[in-house]
Amino acid sequence: MEPVIFDRSDGQELRINMIGSWLKRYFGRKVVKLSIDGGFTCPNRDGSKGRGGCLFCSDSGSGDMAAGSGDIFTDLDQQITLLQDKWPEAAYLAYFQSHTSTYAPAESLRGKFRAALSHPKVQGLAVATRPDCINEEVLDLLEALNRETFLWVELGLQSTHPETMRDMNLCYTLADYDEAVRSLCSRGIRVVTHLILGLPGETEEMMLDSVRHVCRPVPVPGTEDGHIFGLKLHMLNVVRNSAFPSEYPGYVPFDSIEEYTGLVIRCLELVPPDITIHRISGDAPRPVLIAPEWSWRKRTILNMIHRRMRELNTWQGKNCGI
Ligand code: SF4
């Protein structure tokens, strides 16, 4: 079988459908994602679904790098000004990253998303949320936005296994996720799914099962079965400002980078080639990171994965029918 090569930029053969390359082809120039804290909270923190949040979630709502002064336009403008010299021709996506970015009345959401889109250099939106926070009003708003700008919606799933979901205090179900994907896809909205590798109690086969589940065709009446648009895979990052360390003291998700990168490659082999890959490592800030202590070495991890895939002569999707 001939390997599938997605990109040959920088003198390298990339065997993964990385979102950076995809966006560059789609927009015809470099695209930079700017993390924004839209001032949302989360139903797993305010008591409507749970308290304390998902065990691994930092007190910033997994948005440690996000700007959040309360003025969305200004936060974006400041980030763009800082990047202007480095990438003068770049386009930007506003990434509503922190907490649950659809957890507010639709009117309030509309104001925040419109504020981001009012910046002349912002060409689209990425909205991160939970699978149980996509109601009809939100869907109507997202569908309207999707018609006029570039949009994807990120759904934190993390695992498809009920016992893991319970132990990690996620307070949503796999059925919530399946329904959210079906609803978003039926309105033509791109979906990006998050999975975490290395959660306590999960074997490799369980993690591969989660990958298989989220990569299944999505049954949308009246259309050919499609897929989710993208996938984010990352290792569990044990961070100080979360509940995880006190519940699982001393827990280390992977013994070595090699163990993690080998697993990522076996996951990617199951992912259909047209699904874009948005992340294959973690990005917890070093000051709060407890384990794995190497997880901040993102560039090293990526290079190891790319190099090992060439050595093994494998690629994303090699085993996707299996
Ligand atoms: S990971 Fe997401 S859903 Fe879980 S507590 Fe944090 S913001 Fe809420």
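Order of appearance sets the numbers: ligands from 1, and atoms from 1 within every ligand.
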Does any N, O or S atom in Cys54 come within less than 2.8 Å of atom 4 (Fe) of ligand 1?
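Yes.
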Answer yes or no: is there an ion pair linking [X] with [Y], defined by an N-O contact shorter than 4.0 Å?
{"X": "Glu269", "Y": "Arg266", "answer": "no"}
{"X": "Glu107", "Y": "Arg110", "answer": "yes"}
{"X": "Asp77", "Y": "Lys121", "answer": "no"}

Near Gly53, which atoms of ligand 1 are under 4.0 Å from a heavy atom of that residue?
5 (S)
Would you say His99 reaches atom 8 (Fe) of ligand 1 with an N/O/S atom under 2.8 Å?
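Within the cut-off used here (under 2.8 Å), His99 places no N, O or S atom near atom 8 (Fe) of ligand 1.
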Option with minimal heavy-atom separation from atom 3 (S) of ligand 1, where the choices are Lys49, Arg130, Gln97, His194
Arg130
If you measure only the distance, is there a donor-acceptor pair under 3.5 Å linking the side chains of His213 and Asp178?
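Side chains of His213 and Asp178: pair found under 3.5 Å.
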